[in-house]
There are 2 protein chains.
Amino acid sequence: MSQTPKQSAERSVPTSADVARLAGVSRATVSYVLNNTSSVRISEPTRRRVREAAEELGYVPHAAARSLRAGHTRMVLLPAATFSLGPLFHEFFNELQWALRRLDYTVVQYGSLGLDGDEAARAWAELRPVAVVSLGEVGLTPQGVETLKRSGAKAVISLAPRRVEGAHSLVMDQSEVGSCAVTHLIQRGRRDIGVVIPGEAGLEHFSEPRFEGARRAGAAGRARIEPLPLSYDEESASALASSWRGLGLDAVYAYNDDYAMLLMRALQEEGIDIPGQTAVIGADDLLLGRLLRPRLSTVHIDMVTGRLLAEIVDRVVRDPGDHLEIRDLMGARAVHRESS
Amino acid sequence: MSQTPKQSAERSVPTSADVARLAGVSRATVSYVLNNTSSVRISEPTRRRVREAAEELGYVPHAAARSLRAGHTRMVLLPAATFSLGPLFHEFFNELQWALRRLDYTVVQYGSLGLDGDEAARAWAELRPVAVVSLGEVGLTPQGVETLKRSGAKAVISLAPRRVEGAHSLVMDQSEVGSCAVTHLIQRGRRDIGVVIPGEAGLEHFSEPRFEGARRAGAAGRARIEPLPLSYDEESASALASSWRGLGLDAVYAYNDDYAMLLMRALQEEGIDIPGQTAVIGADDLLLGRLLRPRLSTVHIDMVTGRLLAEIVDRVVRDPGDHLEIRDLMGARAVHRESS
DNA sequence: TTGAAAGCGGTACCAC
DNA sequence: GTGGTACCGCTTTCAA
């Protein structure tokens, strides 16, 4: 106490040297014991002394020092979504994290809100992650990928709707969703189809490909496709609904179930019969869609399992030369209920 | 190419020494230039040469090396939710991250799925975060807090419903939500009140305090409170609904709007009049709750702004002695619509 | 079985 | 103005 006045207030962080001193051994021995290094034999009494000393001091190894020495990390960086992607992605994320941890990776989500693609890539690269798995919330550019790889990332994997030069692209083709929805509507005999474009920022990476797929299916089926901007609030929905009759549409694909439910209710308030006058279909197959009347038709999405993706990450990390290219990470199929 | 055979395959990560070599200066100079160190004057030509060299090599500083030298990081670690907390928390999270970045912190979410409180605290401590802000998804124990502080964390802030010894607890009192809901039902003349307990794992940290608040309000208002386990799927809801008449309840507080919508629909299918025979109230004021008929009554929650919390984090980091204790981070008020 | 020491990448003090 | 260099905490080779 008299030695270091500030000790109690801000006692310094214990290091392996402190553990060594307390146990009466060298730092090397501490390292061997705490890492269970198998290539070296340490006597049981020594091990016990070291462990007790570490315990007593509350020693926690310094990850930065360790990885600095090792020359690499086991960190997998996931750019964090800046918005809610819904329960589907959330479950996928959890699964991925869990599976990666089992493979002994440290999983970290890096919030990149307000950074553009290249700034973000630099920020991530400073942490020297061994892998980056992007769902496409922040635009990953070819330069960004180059930055990451140059900084030691073995795997840069993009699940974005669009391929990114240099990255291992596991194309999760969102356009399939829009295509499915519109094809379904056409099969139900509709020809004038509105497609909702969410007004919320950050959703473009999903909504654009979905719209593109819708347009493609519309062209193939000789249907008219009409883009319909819509914000996720009641005012926007009722504004759109009140102008509905003038649009001459007999069906609408509403981006996802949330938007579909919102719009369907607004159309009903306007006295428009669903599906008689207008068919409605959403996407993502939310439970709540089954609770409205009529029950909401939707596009069900089968996501790749997190476990599978974790294995892919691990494989690419171990052999970066392996230029695999996996498609069909996502299956999409229309589910007909009552609204279409 | 002939110099280093593996160059293209795995050229090594450029360091400040490489930049120095290319620019023909010392590592010290590189550091001064790239950090704009104001205490030292570097000539403009030198600065340019250094910057160009860094650019050419694609140099990105190594965060671990930097923080090792500095003795501290600017990392704020947020234990990542293992489940979806809904749009309310999501927005709060985004705001917090954005505000912390503006204060020059690096925000990182650490996925802790499958780790218990103390394991998780150790894992976090290895990264030497300067602050940890927990929403209570993973149990923060007093030992965990101690581990973090000993490892150099200046601020350990808990937004959990329960206070945690040693941490700066910013109590976000979820019990207020349950209490509001039940008080509202009692005011509407109900006396036999069911309270839904979600079956989903990971929600206990929220559902238990909400139930506790409900019980408290029930006792105060001389109402009977009946716990009702319910999983988030249609089977579970219709099973509960089919046994409803035997339960003798005239109202139900259904944890949140999602569960409320699910249960309300199941009750309607069973021919039970809402709110005539049974009043229903949810919580979180989701937009979708207004789309069902009758419109769902709910408890609206006013969250603390992320900006405010970021400022609190910053203050505690700068002055860890500041033992502030803020309450009322969350306001809750019942919103009467048609279902109650 | 254990210890001494080099070195990972960056920073900052001190000398020139 | 710029360079030399010690040091942050940890791992690992080599020697004892």
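Only this structure's heavy atoms are used, side chains among them; waters, hydrogens and symmetry mates stay out. Fair warning: this is a prediction, and the values are worked out from it, not measured in the lab. Chain A is the first sequence line, chain B the second, and so forth, proteins listed ahead of strands; every chain is numbered from 1.
For the pair A:H72 NE2 and C:dG7 C1', the computed distance is 16 Å after rounding to whole Å. Nucleotide C:dG7 holds its C1' atom 12 Å from the CG atom of B:L68, rounded to whole Å. Rounded to whole angstrom, the span from the CG atom of A:L127 across to the P atom of C:dG10 amounts to 13 Å. Rounded to a whole Å, the CG atom of A:N36 is 13 Å from the P atom of D:dT12. With rounding to whole Å, A:R66 atom CZ is found 17 Å from C:dG7 atom C1'. To the nearest angstrom, C1' of D:dG9 lies 18 Å from CZ of B:R150. In this structure, A:H62 places its NE2 atom 18 Å from P of C:dC8, rounding to the nearest Å. The distance from atom CG of A:L34 to atom C1' of D:dT12 is 15 Å, rounded to the nearest whole Å.
For A:T15, the listed nucleotide lying nearest its side chain is D:dG9; candidates were C:dG10, D:dT12, D:dG9. In this structure, the nucleotide among C:dT2, C:dG9, D:dG1 sitting nearest to the side chain of A:S43 is C:dT2. With distances taken from any side-chain atom of A:Y59 to the nucleotides D:dT2, C:dT11, D:dC10, the minimum falls on D:dC10.
Each of B:T46 and B:A65 was assigned the nucleotide of DNA chain D with the nearest heavy atom; the assignment lying further toward the 5' end belongs to B:T46. Where A:R47 and B:T37 meet DNA chain C, the nucleotide closest to each residue was compared, and A:R47 sits on the side nearer the 5' end. Taking for each of B:R69 and B:E44 the nucleotide of DNA chain D with the nearest heavy atom, the 5'-most of the two is the partner of B:E44.
Of the possible donor and acceptor atoms, one in the side chain of A:R101 sits under 3.5 Å from a partner among the backbone N and O of B:G111. Distance alone, capped at 3.5 Å, is enough to place a donor-acceptor pair between the A:S112 side chain and the A:Y110 backbone.
Side-chain contact, B:T147 with B:W124: no donor N or O sits under 3.5 Å from an acceptor N or O. Donor-acceptor pairing under 3.5 Å is recorded for the side chains of A:T141 and A:D118.
Atom CD of A:E204 sits in a crowded spot, with more than 12 heavy atoms from other residues, nucleotides or ligands closer than 6.0 Å. For A:Q143, the CD atom is densely surrounded, since the number of other residues' heavy atoms within 6.0 Å is greater than 12.
Between B:N35 and C:dG10, a side-chain N or O to OP1/OP2 separation shorter than 4.0 Å is absent. In this structure, A:T29 reaches the C:dG3 phosphate: one of its side-chain N or O atoms is under 4.0 Å from OP1 or OP2. Taking only side-chain nitrogens and oxygens, A:S16 comes nearer than 4.0 Å to OP1 or OP2 of D:dC10.
One finds a salt bridge joining A:D314 and A:R318 here, because a Lys/Arg side-chain nitrogen approaches an Asp/Glu carboxylate oxygen to under 4.0 Å.
For a distance-only test at 3.5 Å, the side chain of B:R27 qualifies as a donor-acceptor partner of the base of C:dG10.
Tested against B:R51, the residues B:E55, B:R48, B:R49, B:R47 include a single side-chain contact (heavy atoms from CB on, under 4.5 Å) partner, B:R47.
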Polar pairs (N or O, both sides) under 3.5 Å between protein and nucleotides 13-16 of chain C?
residue, atom, partner, partner atom, Å
C:dC13, N4, B:Y32, OH, 2.3

